[in-house]
Visitor: 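Structure provided below as C-alpha cells; questions to follow.
Excluded from the calculations below are hydrogen atoms, water molecules and symmetry mates; all remaining heavy atoms, backbone and side chain alike, are included. Letters A, B, ... mirror the listed sequences (proteins, then strands); counts begin at 1.
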Number of protein chains: 2
Amino acid sequence: MNIGQVAKVTSVPAKRIRYYEQIGLLKPAQRTDAGYRVYGDGDIHSLRFIRRARGLGFSMAQISKLLALWQDQCRSSAEVKAVAASHIKELKIKIGELQSMVDTLANLADQCDGDDRPDCPIIAELQGDKS
Amino acid sequence: MNIGQVAKVTSVPAKRIRYYEQIGLLKPAQRTDAGYRVYGDGDIHSLRFIRRARGLGFSMAQISKLLALWQDQCRSSAEVKAVAASHIKELKIKIGELQSMVDTLANLADQCDGDDRPDCPIIAELQGDKS
DNA sequence: CCTTGACCTTCCTATCATGGGAAGGTTTAT
DNA sequence: ATAAACCTTCCCATGATAGGAAGGTCAAGG
C-alpha cells in the first residue's frame with residue numbers, strides 16, 4: 001500500500017505518517033524502486049495503535065514506550081499500567097488548572113454587567129485591584 | 001528601570017518581556033544611549049496585567065484584545081465579557097476532552113491487574129480489540 | 001505516444017509561548 | 001584596571017503537527 005491509501009484506512013494523514021517515521025516512532029517503511037513508501041498490515045496496526053493512543057492524550061514519548069510494550073511478549077502489565085497512571089496523573093493536574101481558571105473567570109464574568117459601560121470586574125481583576 | 005529589575009518586580013523573565021515587545025503586545029521600550037531598554041510604571045502595570053491574564057489561560061491574541069480594552073476608556077464591559085466568555089467556552093471544551101480521556105483511562109487501568117503477566121486491557125484497547 | 005492529473009518525494013517554513021545559549025557591548029563595584 | 005554582573009541581538013530548540021514549493025512517478029484517456 002502507498003502512503004495515501006494507508007492514510008485513508010488509518011485516518012492518519014500522510015504528513016503525520018512521515019513525521020512518525022522521522023522521529024523513530026515507526027520503523028522506516030520499505031520503498032519501491034522509485035522511492036515510494038510501501039506499507040503492510042503491521043504498519044497499519046501500528047498506526048491505528050498510535051492514533052488511539054493519541055486520542056487518549058498520550059505524548060509521543062509515552063506512545064513510544066507503549067508501542068515497545070505492545071511488541072514485547074514479556075511485558076508485565078504493571079509497566080503498562082504505570083505509563084497510564086502517570087498520564088492520568090498529568091491529565092488530572094491539567095484539568096485542575098483549567099478548572100480553576102474557569103471558576104475564577106466564571107465568577108468574574110458573572111459579576112460583569114456586560115453592558116455599554118466600561119466598568120468591569122474582569123478588567124479590574126487583571127489590573128490587580130484589590131476589590 | 002532596566003529589564004532585569006522589571007523582570008524581578010513583575011515576575012516576568014526578561015526573555016519574555018523582550019518577546020512581548022517583539023510580537024507587539026508591549027510598545028517598544030525606550031532605550032538608553034547604549035541601547036538598554038528602560039521601563040516606567042506604565043510598562044510594569046502592563047506586564048502585571050499580562051501575567052495575570054496568562055495565569056487565567058488567555059492566549060496572546062486574547063490578551064492583546066484585553067490590553068486594548070483596558071486602555072480604552074470608551075470600552076463596553078460587554079466586549080470584555082465576550083472575550084472572557086469565549087475563553088471560558090474553550091476551556092470547558094478542553095476540560096471535557098481531558099476528562100473523557102481520564103474516564104476511559106481510569107476505567108482501563110482499573111481493570112488492569114498490574115502484575116508480572118503481559119495481559120493488559122490498556123494494550124488491548126489501543127490494539128483495537130473489541131473486548 | 002503523449003499529456004494530464006493525481007500521486008509521491010524531500011525540504012523549508014510556520015504555528016504558540018517560551019527557554020537556552022553564544023557572541024559581544026556596557027555598567028558597576030572593588 | 002579589572003572582574004562580575006548586566007545588557008544587546010541572533011540563532012536554535014521544544015511538541016506535534018500543517019502548509020506549501022519544487023520536482024519525480026504512475027495510471028488513464030485521447
Visitor: Please report, rounded to the nearest Å, how far the C1' atom of D/dA16 is from the CG atom of A/L47.
Guide: 15 Å
Visitor: Given the rule in the salt bridge (charged side-chain N to carboxylate O under 4.0 Å, His left out) test, do A/K27 and A/D43 qualify, once you have shown the distances and angles that lead to the verdict?
Guide: CA-CA 9 Å; A/K27 64 178 194 316; A/D43 303 300; 3.0 Å; yes
Visitor: Find the distance B/M1:CE to D/dC7:C1' and express it as a whole number of Å.
Guide: 15 Å
Visitor: Could you tell me whether A/E97 atom CD has more than 12 heavy atoms of other residues or ligands within 6.0 Å of it?
Guide: yes
Visitor: Under 4.0 angstrom, heavy atoms only, what part of the nucleic acid is B/R37 near: base, sugar-phosphate, or nothing?
Guide: sugar-phosphate
Visitor: Please report, rounded to the nearest Å, how far the P atom of C/dC16 is from the CZ atom of B/F58.
Guide: 17 Å
Visitor: Heavy atoms only, 4.0 Å cut-off, all strands: where does B/Y20 land among base, sugar-phosphate and nothing?
Guide: sugar-phosphate
Visitor: Write down the distance between CD (A/E21) and P (C/dC8), rounded to a whole number of angstrom.
Guide: 14 Å
Visitor: Any base atoms under 4.0 Å from A/S59, or only sugar-phosphate, or nothing? Heavy atoms, all strands.
Guide: sugar-phosphate
Visitor: Closer than 4.0 Å, any side-chain N/O of A/R31 to the OP1 or OP2 of C/dT10?
Guide: yes
Visitor: Under 4.0 Å, heavy atoms only, any strand: does B/R54 hit a base, just the sugar-phosphate, or nothing?
Guide: sugar-phosphate
Visitor: Taking the minimum atom-to-atom distance to the side chain of A/R18, which one of D/dT9, C/dC8, C/dT9 wins?
Guide: C/dT9
Visitor: CG of A/D33 versus P of C/dC8: gap in Å, rounded?
Guide: 17 Å
Visitor: Would you indicate, yes or no, if D/dG15 has its OP1 or OP2 atom less than 4.0 angstrom from a side-chain nitrogen or oxygen of A/R16?
Guide: no
Visitor: Would B/Q111 and B/N107 count as having a side-chain donor-acceptor pair, cut-off 3.5 Å?
Guide: no
Visitor: Hey, is the side chain of B/Y19 pairing donor to acceptor with the base of C/dG19 inside 3.5 Å?
Guide: no
Visitor: Give the rounded distance in Å between these two atoms: NZ of A/K15 and P of C/dT15.
Guide: 16 Å
Visitor: With distance as the sole criterion, is a donor-acceptor pair present between the side chains of A/S77 and B/D115 under 3.5 Å?
Guide: yes
Visitor: Under 4.0 Å, counting only non-hydrogen atoms across every strand here, what does B/I3 touch: a base, just sugar-phosphate, or nothing?
Guide: sugar-phosphate
Visitor: For the pair made of CD1 in B/I63 and C1' in C/dT18, what is the distance, rounded to whole Å?
Guide: 13 Å
Visitor: Could you check B/R16, B/R37, B/K15 and say which one makes a salt bridge (Lys or Arg N to Asp or Glu O under 4.0 Å) with B/E21?
Guide: B/R37
Visitor: Of B/A14 and A/A61, whose nearest nucleotide on DNA chain D comes first from the 5' end?
Guide: B/A14
Visitor: Considering heavy-atom distances to DNA chain D, does A/P13 or A/Y36 have its closest nucleotide positioned more toward the 5' end?
Guide: A/P13
Visitor: For B/Q62 and C/dA17, give me the distance from atom CD to atom C1', rounded to whole Å.
Guide: 14 Å
